[in-house]
*Asks:* 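This is the structure, below, for whatever I ask next.
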Amino acid sequence: MSAGTPLLELKHLTVHYGAIQALKDIHLVVYPGEVVTLIGANGAGKSTTLRAISRIIAAKAGEILFEGQSLLAERPDRVVRMGIAHVPEGRRVLARMTVEDNLLLGAYIRGDSAGIADDLEQQFERFPRLRERREQLAGTLSGGEQQMLAIARALMSRPRLLLLDEPSLGLAPIVVREIFATLRQLNSAGVTVLLVEQNATLALQMAARGYVLEAGSIKFSDTADKLMIDERVKQAYLG
Amino acid sequence: MELTTLLQQLINGLSIGSVYAIFALGYTLIFSILGIINFAHGAVFTLGAYFTYALTGARFGFNGIFAEAQLPFGLPFLLALFVGAGLAGLVGVLVERALFRPLRARGADPLLTLVSSLGIAVALVNTIQYFVGAEVYSFPSSVLQGLPPSVNFGTPEAPLVVRTVQLVIGVISLVILVVLTWFINRTKTGRALRAVAEDSTTSSLLGINTDRLILLTFFISGFVGGIAGTLVGLSVTITGPYFGIAFGLKGLAVIVLGGLGNIPGAVLGGIVIGIAENLLPSSAVAYKDAIAFAILFVVLLIRPQGLLGRTQVQKV
Ligand SMILES: Nc1ncnc2c1ncn2[C@@H]1O[C@H](COP(=O)(O)OP(=O)(O)OP(=O)(O)O)[C@@H](O)[C@H]1O
Ligand SMILES: [Mg+2]
């Protein structure tokens, strides 16, 4: 459905943890403005894929292109500066720092203090609960609030591509709906999203296309609508 | 004990205690970021003292490569202090680049890194000895030019006399403590430092160049270590290449007392030990260096995590 230059492109990506091969010859494309989901069972290699894009683990072979530019020679902090924000698995908020400090750190790469103040306000409007807890240590937030903080923090860098690793994990359905509604808003505001989920139903409802990862390889990919009615997906992931 | 004597000893204790505090912060900053004690810190302290000594234009002694050498210029003490500390900071940076970073990149065991830093300490001490010999050096009295040797805060009848040197080192260290605290808690770079200390992978996902911040930490650590070295050298003497080693052990007592990796803890620990040493009756002055460890022993029996230490960091 989407044409033109891909925003993100993985070609033949292979990643090892020591002797263990975690990803094998991965191909994946994300076009500007899309929501693409990567689904798969535990240990399939979903988080590894996102970590490789963010350069916090090394690729053994293959290529990662962002707007046609290779990321393989870049440090993780450079990747953020290029426009990719990663909301890691398990949220990873900085527990001993305040909510506000976490958000300001999200804007670390930026120097425009007026713009940062505006964006801070915007996050507080998006997640009013964060405003109330502005001075609170992030480690004392509930799981759902921490997830909101992790997303808001990523947005503070004004990314063009948002990598999300299981934002629904461990959250009550109502909180999950809230977070996904926000993600939809963000996407319509122009942020491209690569979403990793174990909750395939949820992911396929939101995404335009999906990739199914099994034991480190892409088994198949299709539009979300087709995947939703695919027997193999239904059996393995839609329960 | 008379009140004025007590006050006098409190002032002296606060003064040397704040030197302990800035020195201990040098350990603490690196520990909170890398989880490793940098044993080379004591040697960097020594180097700072020698750098400043040389920069004031003072002459070296009869031994070593630099025998009788002297710079063709002499900086005013305060300037020499900061330039010397800056050079000590650069030595800290060198230690990180040559030792800590390569070991980190290989995923070395922290114990290995710790022992290697001890090796660097020994190498630095020997290098110092090679260049300037093992003599005792005193800063020329002219460094505090124009200042009276002591100040009386009391009345002529009830004198409260404090050596000017004590005041100078106390004021300089307190200023550095305030600036460093402000930097860590109130600036963008300080916030990033705290983030790296808590979780370096997540910090890099936020666009922080963690290696650069670690380098900065080593610079700051070396800088405050160098300042402390000069100030102690000024207050007593530079006792030779091993100058910083005994002081380094006391610094360890300070950070463990305050709570490992805890910045306010290092400050409190330094001041507690400084004051305790100075309240020692003169008959027990020979045990002055043991005081730090005696306090440490007692406190750890009651609070194993140190005065301000957290029991266990909760990872969410
Ligand atoms: N640090 C590591 N060291 C060694 N092996 C690892 C490491 N991290 C992940 N792996 C292995 O790599 C494979 C892929 O892991 P990954 O975390 O990418 O899975 P995932 O698809 O995100 O799973 P989950 O849904 O449980 O989060 C797994 O077999 C895992 O055991
Ligand atoms: Mg995962």
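Chain A is the first sequence line, chain B the second, and so forth, proteins listed ahead of strands; every chain is numbered from 1.
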*Asks:* Measure the CZ-OG1 distance between Arg91(A) and Thr202(B) for me, rounded to the nearest 0.5 Å.
*Replies:*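 Rounded to the nearest 0.5 Å, the CZ-OG1 separation comes out at 13.0 Å.
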*Asks:* Looking at Leu205(B) and Ser54(A), what are the two nearest heavy atoms and their distance?
*Replies:*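 Shortest heavy-atom contact: CD2-CB, 3.6 Å.
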*Asks:* Are more than 12 heavy atoms from other residues, nucleotides or ligands located less than 6.0 Å from atom CG of Leu301(B)?
*Replies:*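 Count over threshold, so yes.
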*Asks:* Could you pull out all donor-acceptor pairs under 3.5 Å where a side-chain atom in residues 247-263 of chain B meets a protein atom, sequence neighbours excluded?
*Replies:*
from	atom 1	to	atom 2	distance (Å)
Lys250(B)	NZ	Tyr20(B)	OH	3.1
Lys250(B)	NZ	Glu277(B)	OE2	2.9
Lys250(B)	NZ	Asp289(B)	OD1	2.9
Asn262(B)	OD1	Gly265(B)	N	2.7
Asn262(B)	ND2	Leu308(B)	O	2.8

*Asks:* If I measure from the heavy atoms of chain B, does Arg55(A) come under 4.5 Å with its side chain, its backbone, both, or neither?
*Replies:*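 Neither part, no heavy atoms under 4.5 Å.
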*Asks:* So with a 6.0 Å cut-off around CZ of Phe297(B), is the heavy-atom count from everything else above 12?
*Replies:*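 Result for CZ/Phe297(B): open.
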*Asks:* For the NZ atom on Lys60(A), are there more than 12 heavy atoms of other groups (residues, nucleotides or ligands in this structure) within a distance under 6.0 Å?
*Replies:*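 Not more than 12 within 6.0 Å, no.
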*Asks:* If you compare all heavy atoms of Gly106(A) against all heavy atoms of Leu206(B), which two are closest, and at what distance to 0.1 Å?
*Replies:*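 Smallest heavy-atom distance, with atoms named: CA-CD2, 4.3 Å.
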*Asks:* Can you confirm whether more than 12 heavy atoms, excluding those of Gln69(A), are under 6.0 Å from its CD atom?
*Replies:*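 Result for CD/Gln69(A): open.
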*Asks:* Using a strict cut-off of less than 4.0 Å between a Lys/Arg side-chain nitrogen and an Asp/Glu carboxylate oxygen, indicate whether Arg212(B) and Asp77(A) qualify as a salt bridge.
*Replies:*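 Salt bridge absent between Arg212(B) and Asp77(A).
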*Asks:* Look at atom CZ of Arg97(B) and say whether more than 12 heavy atoms of other residues, nucleotides or ligands are closer to it than 6.0 Å.
*Replies:*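 Incorrect, the count does not exceed 12.
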*Asks:* Atom CZ of Arg194(B) and atom CE of Met97(A): how far apart are they, to the nearest 0.5 Å?
*Replies:*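 Between Arg194(B) CZ and Met97(A) CE, I get 4.0 Å after rounding to 0.5 Å.
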*Asks:* What is the distance from atom CZ of Arg75(A) to atom OG1 of Thr210(B), rounded to the nearest 0.5 Å?
*Replies:*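 If we round to the nearest 0.5 Å, Arg75(A):CZ and Thr210(B):OG1 are 8.5 Å apart.
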*Asks:* Side chains of Arg92(A) and Thr201(B): closer than 4.5 Å at any heavy-atom pair?
*Replies:*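 Answer yes - side chains close enough.
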*Asks:* Quick one: CG on Asn209(B) to OH on Tyr108(A), what's the gap to the nearest 0.5 Å?
*Replies:*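 Taking CG in Asn209(B) and OH in Tyr108(A), the distance rounds to 7.5 Å.
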*Asks:* CG/Leu94(A) to CZ/Arg191(B) distance, rounded to the nearest 0.5 angstrom?
*Replies:*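 Atom-to-atom, Leu94(A):CG and Arg191(B):CZ are 11.5 Å apart.
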*Asks:* How long is the span from the CG atom in Asp101(A) to the CD atom in Glu198(B), to the nearest 0.5 Å?
*Replies:*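 Here the rounded value is 10.5 Å.
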*Asks:* Given that the side chain runs from C-beta out, which part of Arg51(A) has a heavy atom under 4.5 Å from chain B: side chain, backbone, both or neither?
*Replies:*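 Contact with chain B involves no heavy atom of Arg51(A) at all.
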